[in-house]
Every structure is written in structure tokens, then in C-alpha cells.
A.B. asks: 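The structure follows.
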2 protein chains.
Amino acid sequence: MATAARRGRPRAEGTDDRILGAACDLLLARGYDGYSIDEVAQRAGVAKTTLYRRWPTKDHLIVAVVARIQDEVPVRDTGDIRRDLTAYLEAVAAGLTRMSRVGRPAGPDDRSAGLVAEIVAAAARRPDVGRAVRAVFARRNALPLALLESAQARGDLGPGARPDVIFDQLAGALYYRLLVTGEPVGGDYPARLVDQVLAGARAPGPEGKPS
Amino acid sequence: MATAARRGRPRAEGTDDRILGAACDLLLARGYDGYSIDEVAQRAGVAKTTLYRRWPTKDHLIVAVVARIQDEVPVRDTGDIRRDLTAYLEAVAAGLTRMSRVGRPAGPDDRSAGLVAEIVAAAARRPDVGRAVRAVFARRNALPLALLESAQARGDLGPGARPDVIFDQLAGALYYRLLVTGEPVGGDYPARLVDQVLAGARAPGPEGKPS
DNA sequence: ACCCTTTCGATACCGGCGTTGCGTAATTCA
DNA sequence: TGAATTACGCAACGCCGGTATCGAAAGGGT
């Protein structure tokens with residue numbers, strides 16, 4: 001088991017949870033700004049050194065918080081790849097826009113991506129944080145990727161189509177809008193995106209009906 | 001004109017350039033870590049207050065630097081949309097991976113996106129930085145978008161295809177890999193991506209030849 | 001000439017991140 | 001029981017981002 005009775009004084013039970021909970025509360029309450037290590041430690045009733053013994057930097061702690069509050073996006077495989085993908089993307093978009101509003105006054109010009117942008121930047125700064133972030137996303141993307149592979153095995157996708165590239169197109173378009181251009185991803189954007197990814201952009205030749 | 005002889009003491013000529021140059025040098029030399037406002041001011045031979053009078057935060061200055069060193073990605077419109085898009089994406093991928101190595105020891109596990117991730121996070125933190133970043137990308141994306149619209153006007157794209165969504169698929173997939181999953185975007189990935197975006201992922205029906 | 005406005009440099013300051021050192025508590029091993 | 005080991009809290013520190021204050025300099029308006 002993980003409780004492999006080590007040598008010295010054992011860590012106080014529930015300390016990790018209290019710290020993560022305090023950090024999560026503070027992030028949700030005041031956003032990335034106004035989220036300080038000192039206050040997290042104070043709220044958790046813990047010395048700052050204790051906190052740093054578990055997560056070496058603020059970035060590590062944030063990634064741990066995000067990995068914890070990451071909501072499971074439901075994936076259904078009904079056999080209708082278009083419908084399943086659309087439903088999945090809509091759920092992801094809803095979750096992302098919700099998380100992007102975290103701790104923000106939600107002004108009319110606010111289209112930021114909040115925590116997601118932070119953990120992406122943290123991943124770019126430190127290699128080990130990068131590994132942790134990639135693990136979070138790998139776990140998160142496993143089900144939709146399996147959905148695509150199942151569709152291909154069923155013959156609903158072209159034999160030359162690569163599920164991972166398809167997923168890049170879908171998720172990439174969503175994240176690109178959220179993180180870079182700041183355009184909205186709601187409304188019928190997921191449906192349009194799925195349609196276009198599945199159907200392709202090239203004009204049909206003389207034979208072969210469109211759509 | 002921009003030189004609208006204002007009232008008080010004029011700003012020393014070339015100060016902006018010296019600051020931006022020093023910031024750029026420092027970023028290129030030591031990366032985002034080891035890049036401090038104090039040292040930029042010192043290198044530029046300028047007081048810190050002078051620097052803050054021009055760019056209110058470190059993030060603003062970084063965005064200004066990126067906007068300045070942003071290399072123009074060449075876009076050719078030869079009429080072959082597939083070839084032009086592939087060439088464009090390859091150039092973008094090369095530029096991004098180059099910029100992502102900025103100031104880093106380039107270890108084997110380093111797949112980060114460096115400055116791009118930083119400005120994305122900065123854009124998420126402050127609305128005005130977000131506007132500046134979006135302006136940078138809008139300027140950067142204008143030519144390839146025009147390329148897509150020209151192809152559609154020529155009839156090379158389906159009439160229902162939306163150029164902006166196509167661009168989301170292409171650029172999004174690239175940035176998603178760079179920023180989130182950290183997978184490489186070199187090799188034949190741009191070509192594969194363009195092919196799949198243009199052709200679509202759905203299996204062809206009984207009639208209609210593949211590709 | 002004289003004021004007004006704006007820039008510039010210098011210094012001090014605050015708060016947050018991350019580190020260090022030290023004394024102490026809890027637990028295992030001999 | 002005693003030694004080694006690990007966790008914990010406390011206090012202090014250095015570094016950096018950002019702000020405030022002050023005095024001096026460099027221009028324009030009259």
C-alpha cells in the first residue's frame with residue numbers, strides 16, 4: 001500500500017487536504033491575483049514551510065488544485081460519432097468558460113481563460129510542472145480519444161484519418177479560441193466545428209454530393 | 001502627426017528602444033526566469049520609474065517585446081491551397097519551436113512554449129493585455145485568413161466551409177500541441193493536418209472516391 | 001523673464017515568493 | 001531506554017514587482 005510505514009515522524013493526517021482545500025477556496029474566491037501562499041498556509045492552519053515541503057512552488061500547488069477540481073466530462077458512445085462529439089465539445093466548452101470566470105468580476109470584456117492559461121504558462125516554465133499538466137490532460141482526453149478510435153474501428157471514419165489529429169483539430173480549435181483569440185466558444189460553434197472536421201473543407205469534385 | 005509637440009518636457013529619444021532592446025536581450029539570454037524589471041532598467045540605463053511610466057506591468061512589457069520580435073511569416077497564394085497552407089503551417093511551427101527554446105538549456109524533456117505561454121497567461125490576467133495580445137495575433141493571422149477566403153472565392157473550398165473555423169482547426173491544433181500536450185509539431189505533422197482538415201475525417205459513402 | 005507641464009532619476013517602501021536555520025514533536029529501530 | 005529520522009512551526013532573510021515621494025531638468029505658453 002501507499003502507507004508504507006516510513007522511518008521518522010509521520011505526516012499529520014489531512015494536512016494535504018486542508019491545504020488543497022484552502023488553496024481552492026482562495027482561488028475560487030479571489031482568483032489568481034489575491035491568491036498568496038502565505039494566506040493559503042494561514043487558512044489551512046499550517047506553517048509556510050510545511051506547505052513548501054509538499055509543493056515546491058506556487059505553480060505546483062495550482063496544478064494540484066486544478067487536477068483535483070477537474071470535473072469529469074461525460075462521454076457517451078451512442079454510435080453516432082457526430083452527435084457524441086458535439087455533446088462532448090459542448091460540455092468541455094461550458095466547463096472551460098465556467099472555469100475561466102473563476103474569481104473574476106466577469107466584466108463585459110473579460111474573455112480570459114483564467115486557470116487554464118495559468119497552468120499552461122506554469123507548464124512552460126518548469127519541466128516537472130509540464131509533465132504533471134500533460135498527465136492531467138492525458139487523463140482528461142483518454143475517453144474522447146477512445147471514442148474516436150471506436151468510431152474508426154466501426155468504419156465511421158476514413159481509414160487514413162488519424163484520431164489524435166482529429167482530436168487536435170477539435171480541442172485545439174476550442175483552446176485556441178479561449179486562450180489566444182478570446183472568441184466565444186458557445187452557441188453552435190461546437191456543432192459547426194464537428195461538422196467541418198468530419199466533412200472536411202475541400203470543395204467536392206464534380207461527382208460526389210456535398211454534405 | 002504622432003509628433004504633436006506636447007506641453008511638458010519631451011521624452012528622451014530612443015529610450016523606448018533601449019528598454020525594449022534590453023528586455024529582449026535579457027529574455028533571449030536568460031528566459032522568463034532571470035528576467036527582472038530592475039535589471040532591464042539597469043541595462044537600459046534608465047530608472048525603474050521611467051520604465052513603469054511606459055509599461056505599467058512586466059506583462060505589458062513582455063507583450064511589447066513579443067510584438068516587436070514577431071517574425072513575419074511569409075504567405076504565398078499560388079492557387080494551390082493545400083500547398084500554400086502546408087508551407088504556412090510549417091513556417092509557423094518552425095518559428096514557434098524556435099521561440100519556445102528561448103533562453104532555455106534545451107534539455108531533452110523540454111517541449112515548452114516559452115514566451116507564447118507567458119503572453120497567453122498575461123492576456124488572461126489583465127483585460128488590456130488581452131486586447132494587446134489579440135491585436136498581435138489578429139495582425140499575424142490576417143494574411144493566412146485572406147488566403148483561405150481567396151481560396152473559397154475561387155471555389156476551392158466548400159461553400160458551407162467557414163474560413164475562420166478552418167483557421168481555428170489549423171492554428172488551434174498547432175498551438176494545442178505546443179501549449180497543452182507538448183507534442184512535437186515538426187516533421188510531416190503540418191502536411192497531415194492540412195490534408196485532414198481539407199479532406200475531412202468522415203468515411204466516404206458508397207459513392208464518392210476518397211481523396 | 002516667468003509659470004506650467006511633463007519627464008527623469010533616486011530613494012524608500014510594501015507585499016509576496018521562496019529559502020534557511022533552529023528548536024521541538026512524533027515515530028521507528030536497536 | 002536511547003539514537004536516528006522525519007515532520008512541524010517559527011522567525012528571519014534576499015529577491016523581485018510595483019508604488020509613492022521628492023527634487024531636478026527640459027520643454028512650451030504668455
Side-chain angles (χ1 to χ4, degrees), chain A residues 1-20 22-23 26-27 29-65 103 118-119 121-122 125-126 128-129, chain B residues 1-20 22-23 26-27 29-65 103 118-119 121-122 125-126 128-129:
Chain A
M1 297 309 162
T3 50
R6 289 175 316 183
R7 272 284 305 252
R9 168 176 175 175
R11 291 193 166 178
E13 201 168 355
T15 298
D16 291 43
D17 287 333
R18 285 214 320 281
I19 296 174
L20 284 174
L26 204 52
L27 270 173
R30 287 196 247 165
Y32 184 78
D33 311 330
Y35 153 77
S36 79
I37 291 286
D38 291 87
E39 185 155 359
V40 169
Q42 188 186 342
R43 285 195 178 201
V46 158
K48 207 168 47 163
T49 40
T50 301
L51 202 154
Y52 275 105
R53 216 168 278 122
R54 289 164 162 80
W55 297 278
T57 73
K58 193 179 178 179
D59 289 341
H60 291 78
L61 179 56
I62 290 184
V63 173
V65 169
E118 292 305 333
I119 67 171
R125 278 192 282 263
R126 334 231 182 197
D128 55 339
V129 176
Chain B
M1 302 308 159
T3 50
R6 289 173 316 183
R7 274 283 305 250
R9 168 176 177 176
R11 291 193 165 178
E13 202 169 356
T15 298
D16 290 43
D17 287 333
R18 286 214 318 282
I19 295 175
L20 283 174
L26 204 52
L27 270 172
R30 287 194 247 164
Y32 184 79
D33 310 331
Y35 154 77
S36 80
I37 291 285
D38 291 270
E39 186 155 0
V40 169
Q42 188 186 343
R43 286 195 178 201
V46 157
K48 206 167 53 160
T49 40
T50 300
L51 202 153
Y52 274 105
R53 214 168 281 120
R54 288 165 163 79
W55 297 277
T57 73
K58 191 179 179 181
D59 289 340
H60 291 78
L61 179 56
I62 290 185
V63 173
V65 169
E118 291 306 332
I119 67 172
R125 278 192 281 264
R126 333 228 182 201
D128 55 338
V129 177

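Chain A is the first sequence line, chain B the second, and so forth, proteins listed ahead of strands; every chain is numbered from 1. Because only heavy atoms are used, hydrogens play no part in the values below, and waters and symmetry mates are left out as well, while side chains stay in.
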A.B. asks: For B/Tyr32 and D/dC16, what is the distance between atoms OH and C1' respectively, to the nearest whole Å?
C.D. replies: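 Those two atoms, OH and C1', are 11 Å apart.
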A.B. asks: So how far is it from B/Leu26 CG to B/Gln42 CD, rounded to the nearest 0.5 Å?
C.D. replies: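 The CD atom of B/Gln42 is 10.5 Å from CG of B/Leu26, to the nearest 0.5 Å.
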A.B. asks: Shoot me the first and last contacting nucleotide of DNA chain C against chain B, ordered 5' to 3', at under 4.0 angstrom to non-hydrogen atoms.
C.D. replies: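 Listing 5' to 3', DNA chain C meets chain B from C/dC4 to C/dA10.
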A.B. asks: Please state how far atom OH in B/Tyr52 lies from atom C1' in D/dT21, giving the value in whole angstrom units.
C.D. replies: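 From B/Tyr52 OH to D/dT21 C1': 17 Å.
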A.B. asks: From A/Arg11 CZ over to A/Arg54 CZ, what is the distance, rounded to the nearest 0.5 angstrom?
C.D. replies: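 CZ of A/Arg54 is found 4.5 Å from CZ of A/Arg11.
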A.B. asks: Any chance you could list the contact pattern along nucleotides 2-12 of chain D? Use B for base contacts, S for sugar-phosphate-only contacts and - for none, protein heavy atoms under 4.0 Å, 5' to 3'.
C.D. replies: --BBBBBBBB-
A.B. asks: Distance from A/Asp59 atom CG to A/Arg125 atom CZ, nearest 0.5 Å?
C.D. replies: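 If I round to the nearest 0.5 Å, the distance is 5.0 Å.
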A.B. asks: Are any non-hydrogen side-chain atoms of B/Tyr35 and B/Leu61 less than 4.5 angstrom apart?
C.D. replies: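 B/Tyr35 reaches B/Leu61 side chain to side chain.
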A.B. asks: Atom CG of B/Leu20 and atom CZ of B/Arg18: how far apart are they, to the nearest 0.5 Å?
C.D. replies: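 Spacing of CG (B/Leu20) from CZ (B/Arg18) equals 11.5 Å.
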A.B. asks: Rounded at 0.5 Å granularity, tell me how far OG1 in A/Thr50 sits from CH2 in A/Trp55.
C.D. replies: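 Between A/Thr50 OG1 and A/Trp55 CH2, I get 10.5 Å after rounding to 0.5 Å.
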A.B. asks: Could you tell me the separation between the CD atom of B/Glu39 and the P atom of D/dC16, rounded to a whole number of Å?
C.D. replies: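 It works out to 8 Å between those atoms.
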A.B. asks: Between A/Ala22 and A/Val40, what is the shortest heavy-atom contact and its length?
C.D. replies: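 Here A/Ala22 and A/Val40 meet closest at CB-O, 3.9 Å.
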A.B. asks: Round to the nearest Å and state the distance from B/Asp59 atom CG to D/dG18 atom C1'.
C.D. replies: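 So the CG-C1' distance, B/Asp59 to D/dG18, works out to 12 Å.
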A.B. asks: Any side-chain heavy atom of B/His60 sitting closer than 4.5 Å to one from B/Thr57?
C.D. replies: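 Yes. Closest side-chain heavy atoms under 4.5 Å.
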A.B. asks: In whole angstroms, how far is the C1' atom of D/dT19 from the CD1 atom of B/Ile37?
C.D. replies: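 In whole Å, D/dT19 C1' lies 14 Å from B/Ile37 CD1.
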A.B. asks: Can you tell me the distance, in whole Å, between the CG atom of B/Asp38 and the P atom of D/dG18?
C.D. replies: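 It works out to 11 Å between those atoms.
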A.B. asks: Rounded to the nearest Å, what distance is computed from the CD atom of residue B/Gln42 to the C1' atom of nucleotide D/dC16?
C.D. replies: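 Checked: the CD to C1' distance equals 14 Å.
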